[in-house]
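Below is one structure, written out as structure tokens, with a few remarks after it.
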Amino acid sequence: MKLVIATQNESKLKEIKEILKSIKLSVLSLNKLDRKFHIKENGKTFFANAVKKTLPVSKAYKDDLVAGEDSGLEVDFLNGSPGVYSKRYSGKNWTYEKNNLKILKELKGVERKKRKASFHCCLVLFKAGKLIKRIDGRLNGYISQESKGNHGFGYDPIFYLPKYKATIAELPLSIKNKLSHRAKAFIKLKKFIQKVNINY
């Protein structure tokens, strides 16, 4: 049995594999499968998109566990946006840098206390087309005044954590993998897999 992570993002997979390194399962991305999946992420919630990513893979690879997640940035001042549109927030030709610049522009001149934001991750685990577990992870912080740091990806360079006096992108991966929204969700997943002895 393998644990397939329903993603083609190798940066994301690297983080996930580091978190799950103690489980006795081979962890791989969609890129390593012999079938290709074209998923349209048009759900209205993180949960809906997580299921869309995971269910078809689980139906095709019934002997394996398949985990998928959808996550995004929710900015209070922007009424929860970009939310499920986090990945392509800057439009069709999006890049991480363009997304970050758009957020910073929209919050230009907004005072610190009104720049509250959170990362939300909804993770689902499927086996043979059936939902086994749903797990949510969240990280609260603020949107910084400028982009800083070279670690991580996505909105990490503009997500500021007062406790560390740094953006996530300024922190080493070892710290991010203990506190991020995705880390919290996958740590819970690891404990669940180990608790129910699902990997033996």
Side-chain angles (χ1 to χ4, degrees), residues 5 7 9-23 27 29 41 45-47 49-50 53 67-90 94-124 134-192:
I5 306 299
T7 184
N9 186 326
E10 293 300 320
S11 295
K12 185 181 291 186
L13 181 71
K14 181 180 178 182
E15 290 185 3
I16 293 169
K17 288 181 77 170
E18 179 65 23
I19 297 165
L20 299 177
K21 62 184 179 182
S22 62
I23 67 170
V27 180
S29 71
E41 296 178 41
T45 64
F46 292 126
F47 176 69
N49 280 335
K53 293 177 184 179
E69 58 86 27
D70 192 40
S71 55
L73 177 69
E74 297 174 323
V75 181
D76 290 8
F77 189 80
L78 302 178
N79 298 313
S81 291
V84 293
Y85 305 106
S86 292
K87 185 176 181 180
R88 299 174 179 84
Y89 194 50
S90 57
W94 67 274
T95 65
Y96 292 142
E97 184 179 9
K98 287 180 181 178
N99 287 343
N100 287 331
L101 288 173
K102 183 176 181 180
I103 294 287
L104 292 176
K105 184 177 180 180
E106 290 175 333
L107 294 185
K108 187 176 182 180
V110 176
E111 59 184 318
R112 161 72 179 276
K113 65 181 182 180
K114 292 183 179 180
R115 301 173 75 93
K116 287 183 179 179
S118 63
F119 276 126
H120 181 199
C121 171
C122 181
L123 170 64
V124 294
R134 170 184 171 162
I135 299 170
D136 288 273
R138 188 177 289 274
L139 177 65
N140 297 319
Y142 292 83
I143 300 301
S144 60
Q145 297 288 345
E146 59 183 330
S147 180
K148 287 185 177 181
N150 300 309
H151 300 297
F153 59 95
Y155 294 100
D156 290 353
I158 64 169
F159 197 88
Y160 183 79
L161 299 172
K163 179 180 177 179
Y164 294 91
K165 297 181 179 179
T167 67
I168 295 178
E170 293 179 286
L171 300 174
L173 188 59
S174 58
I175 293 179
K176 179 182 177 180
N177 279 345
K178 293 177 182 178
L179 58 84
S180 79
H181 57 305
R182 189 173 296 111
K184 289 176 180 178
F186 275 93
I187 288 169
K188 291 177 185 176
L189 175 66
K190 179 173 68 174
K191 291 178 179 178
F192 174 76

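Residues take their numbers from the sequence shown, with the count starting at 1.
One distance of note links CG of Leu107 with CD1 of Ile143; it measures 6.5 Å at 0.5 Å rounding. Rounding to the nearest 0.5 Å places OH of Tyr142 at 5.5 Å from CZ of Arg112. One finds the OG1 atom of Thr7 at 6.5 Å from the CD1 atom of Ile16 (value rounded to the nearest 0.5 Å). Distance check: Leu189 CG to Lys191 NZ gives 12.0 Å after rounding to the nearest 0.5 Å. From Ser81, atom OG reaches atom CG of Leu73 across 9.5 Å, with rounding to the nearest 0.5 Å. To the nearest 0.5 Å, atoms CG (Leu104) and CD (Glu146) are separated by 8.5 Å.
A salt bridge is defined here as a Lys NZ or Arg NE, NH1 or NH2 lying under 4.0 Å from an Asp or Glu carboxylate O, and Lys12 with Glu69 meets this definition. For the pair Asp70 and Lys53, the salt-bridge criterion is met [side-chain N within less than 4.0 Å of a carboxylate O].
Side-chain contact between Ser29 and Glu10 is present, with heavy atoms from C-beta onward closer than 4.5 Å. By the 4.5 Å heavy-atom criterion applied to side chains, Asp156 and Thr167 are not counted as neighbours. Side-chain contact between Leu161 and Leu139 is present, with at least one heavy-atom pair separated by less than 4.5 Å. Side-chain contact between Asn140 and Lys116: absent, with no pair of heavy atoms (C-beta onward) separated by less than 4.5 Å. In this structure the side chain of Ile187 never reaches within 4.5 angstrom of the side chain of Leu20, judged on heavy atoms. In this structure the side chain of Arg115 never reaches within 4.5 angstrom of the side chain of Tyr160, judged on heavy atoms. Between His181 and Phe186, the closest side-chain pair of non-hydrogen atoms is not below 4.5 Å.
Remark: side-chain polar atoms of Ser71 are not paired, donor with acceptor, to backbone N or O of Cys121 under 3.5 angstrom. Looking only at distances, a side-chain donor or acceptor of Lys184 sits under 3.5 Å from a matching main-chain atom of Arg138. Within the 3.5 Å criterion, the main-chain N or O of Ile19 finds a donor-acceptor partner in the side chain of Lys190. In terms of modelled atom types and a separation under 3.5 Å, the side chain of Ser86 and the main chain of Gly83 share a donor-acceptor contact.
The aromatic rings of Tyr155 and Phe119 lie tilted to each other, with the angle between the two planes from 30° to 60°.
The list of side-chain hydrogen bond (donor to acceptor under 3.5 Å, both in side chains) pairs with a residue in residues 97-106, not counting sequence neighbours, reads Tyr89-Glu106, Ser90-Asn99.
Of all the heavy atoms in Ile103 and Pro82, the pair that sits closest is CD1-CD, 3.8 Å. For the residue pair Phe46 and Cys122, the shortest heavy atom distance occurs at CB-CB, 3.8 Å. Across all their heavy atoms, Gly137 and Ala185 have their closest contact at N-CB, 4.2 Å. Heavy-atom minimum distance, Lys188 versus Asp136: NZ-O, 3.0 Å. Closest heavy-atom contact between Ser144 and Pro157: OG-O, 3.9 Å.
Few gaps surround CZ on Phe153; more than 12 heavy atoms of other groups in view lie less than 6.0 Å from it. No more than 12 heavy atoms of other residues, nucleotides or ligands shown are found within 6.0 angstrom of CZ on Phe77.
Partner of Lys176 under the side-chain hydrogen bond (donor to acceptor under 3.5 Å, both in side chains) criterion, chosen from Glu15, His151, Glu18: Glu15.
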